[in-house]
Amino acid sequence: MSDVTMSLIMVGVLLGCLAMGLWVSIALFVTGLVGILLFSNAPVVSVLATNIWSSSAEWSLAALPLFIWMGEILFRSRMSQDLFSGLAPWMRSLPGGLGHVGILASGIFAAVSGSSAATCATVAKVAVPELKQRGYDESLILGTIAGSGTLGLLIPPSIILIVYGVAAELSIARLFIAGVVPGVLVILLFMAYVAIWSTKNKDKVPAKDPPMSFAQKMKATRTLLPVTLLILGVIGSIYSGLASPTDSAAVGVVIALLLSWLFGDLNWKTFKEGLIAATLSSSMIALILAGSAFLTIAMGYSNLPMNLARWIGDLGLNNYALLAALTVFFIVLGCFLDGISIVVLTSAVLLPAVQAAGLDPIWFGVYLVLVVEMGQLTPPVGLNLFVLQGMTGKDILFLSKAALPFFLMLLLTILLVVMVPDIVLGLPKMMYG
């Protein structure tokens with residue numbers, strides 16, 4: 001049977017399962033099962049049992065439920081509201097005023113959450129009512145929060161970078177460090193867009209608030225101290241070498257629980273709700289990873305990944321043409337699959353071709369996350385759009401249109417990191433050589 005026929009069969013089975021509404025993880029298992037039965041004589045039960053254990057017993061994966069739980073704790077505490085009140089005084093004098101607060105709050109919350117959906121929901125809960133009450137344009141508000149919510153995927157500790165690191169067998173710490181500068185770059189581009197838009201549409205932005213003295217600003221900034229301590233505890237322990245990414249996740253959970261308890265937000269109800277939500281999310285991710293690993297083994301028996309990598313190499317595309325084709329490919333996938341599914345489905349297949357083209361796998365991981373971020377803003381499966389739709393009642397088309405400028409800013413970021421790879425690799429080179 002030819003490679004094309006095998007590929008069409010497996011892609012058809014996968015798409016058919018997804019079209020029937022099966023969970024992504026179950027669809028992956030079914031496709032892998034079909035692949036093994038059709039293209040090999042391997043013992044299915046033994047392969048399945050061994051694969052599920054090996055894919056779920058990775059020590060690096062222990063960080064996933066802990067970081068998710070940390071985000072759930074913050075989501076249910078007053079610290080998320082303190083982010084807005086602590087940042088707002090410093091944004092008053094900028095073009096766009098408090099329209100920038102949602103972006104910076106998302107960036108900070110992303111540094112202690114690691115989840116796009118949690119970042120988007122938390123900031124939206126606080127910022128949307130406040131900004132609407134002050135008279136900011138609704139399209140700008142929702143677009144800003146939808147776009148900046150994607151920072152949860154990039155700024156460490158990023159859950160999706162952990163998933164990629166496990167799938168590609170790369171250093172999680174190096175991936176975290178590589179995501180810092182691109183994350184800051186995305187924040188700056190988003191803020192630049194808000195400033196330019198507000199300058200051109202002054203009638204849709206309220207008048208500037210009365211100026212505050214420096215002392216008043218510093219007093220308001222005190223509310224950021226708990227979140228700052230949490231960021232220093234998590235990120236600082238990794239970068240200082242005191243803890244691995246997995247250990248730092250445990251540190252973050254302990255600090256988040258202590259701060260939530262000190263503020264009086266921690267009770268049995270919030271503790272139980274956060275723990276259950278983190279367990280559900282972690283189980284979903286673990287099942288998707290197991291299904292993806294099983295599908296990867298099934299494809300390995302058929303030599304499809306090796307042949308695909310060879311085929312891409314034989315096309316003779318230069319790196320720019322290859323990345324342009326991959327960007328279009330990932331954007332299309334993002335219309336139908338969530339980010340974690342895209343990463344686990346494609347990384348094992350594409351990495352040989354990417355490395356054969358001379359691209360650094362750490363750099364490719366950050367590039368992949370940036371493209372997946374764009375998928376959070378594309379209908380019909382844009383997760384951030386779903387989150388905002390549930391919180392605001394707005395239809396997907398309105399939210400997609402509002403998020404389009406930030407989608408384009410992410411595309412510009414990808415162009416910049418392609419043209420200047422040291423945006424991604426500079427920090428890892430400085431810290432690790």
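Model, not experiment: these values are computed from the prediction.
The list of side chain to side chain donor-acceptor pair (under 3.5 Å) pairs with a residue in residues 403-418, not counting sequence neighbours, is empty.
Interatomic distance, CG of Leu225 versus CZ of Arg222, reported as 10.0 Å (0.5 Å rounding). Atom CD of Glu273 sits about 9.5 Å away from atom CD of Glu72, to the nearest 0.5 Å. Atom CD of Gln389 and atom CG of Leu397 lie 9.5 Å apart (nearest 0.5 Å). Rounding to the nearest 0.5 Å places OG of Ser400 at 11.5 Å from CG of Leu142. Taken from CG in Leu153 to CD in Glu373, the straight-line distance is 5.5 Å, to the nearest 0.5 Å. A distance of 5.0 Å separates CG in Asp265 from OG in Ser260, rounded to the nearest 0.5 Å.
At a cut-off of 3.5 Å, with distance as the only test, no side-chain donor of Trp69 or Thr279 sits close to an acceptor on the other residue. A side-chain donor from one of Ser106 and Ser148 sits under 3.5 Å from a side-chain acceptor of the other.
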Side-chain donor-acceptor contacts of residues 226-233 below 3.5 Å, not counting sequence neighbours, with atom names and distances?
unit_1, atom_1, unit_2, atom_2, d
Thr228, OG1, Leu224, O, 2.7

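With contacts defined as side-chain heavy-atom distances shorter than 4.5 Å, the pair Phe271/Ile73 does not qualify. For the pair Leu359/Tyr367, no side-chain contact is recorded, criterion being any heavy-atom separation below 4.5 Å from C-beta on. The side-chain heavy atoms of Phe263 and Leu258, taken from C-beta on, include no pair separated by under 4.5 Å. Side-chain contact check for Val205 versus Trp197: some heavy-atom pair is nearer than 4.5 Å. Val343 is listed as a side-chain neighbour of Leu368, based on a closest heavy-atom distance under 4.5 Å. Counting heavy atoms from C-beta outward, Trp363 and Val354 have side chains that stay 4.5 Å or more apart. For the pair Leu326 and Leu322, the minimum side-chain heavy-atom distance is below 4.5 Å. Considering only heavy atoms from C-beta on, Pro421 stays 4.5 Å or farther from Asp360 through its side chain.
Of all heavy-atom pairs between Pro428 and Ile177, the closest is N-CG2, 3.8 Å. The two residues Leu154 and Pro182 come nearest to each other via the heavy atoms CD2-C, 3.8 Å. Scanning all heavy atoms of the two residues, the minimum distance from Ile423 to Leu416 falls at CD1-O, 3.7 Å. Across Leu140 and Ser198, no two heavy atoms sit closer than the pair CD2-OG, 4.4 Å. Shortest non-hydrogen contact noted between Met91 and Met191 is SD-CE, 4.3 Å. Closest approach of Leu175 and Gly165 over heavy atoms only: CD1-CA, 3.5 Å.
Cation-pi contact between Lys401 and Phe398: absent, since separation from the ring centre below 6.0 Å together with deviation from the ring axis within 45° is not met.
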### Criterion side-chain contact (heavy atoms from CB on, under 4.5 Å) on Thr150 and Phe407, from CA distance to verdict
CA-CA 10 Å; Thr150 63; Phe407 177 92; over 6 Å; no

### Task
Let me see the working for Tyr193 and Thr144 under side chain to side chain donor-acceptor pair (under 3.5 Å), right down to the final yes or no.
CA-CA 10 Å; Tyr193 170 78; Thr144 300; over 6 Å; no

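A donor-acceptor pair is defined here as one N or O able to donate and one able to accept, closer than 3.5 Å; such a pair exists between the side chain of His100 and the backbone of Pro95.
Between Phe364 and Tyr164, the two ring planes are tilted [angle within 30° to 60°].
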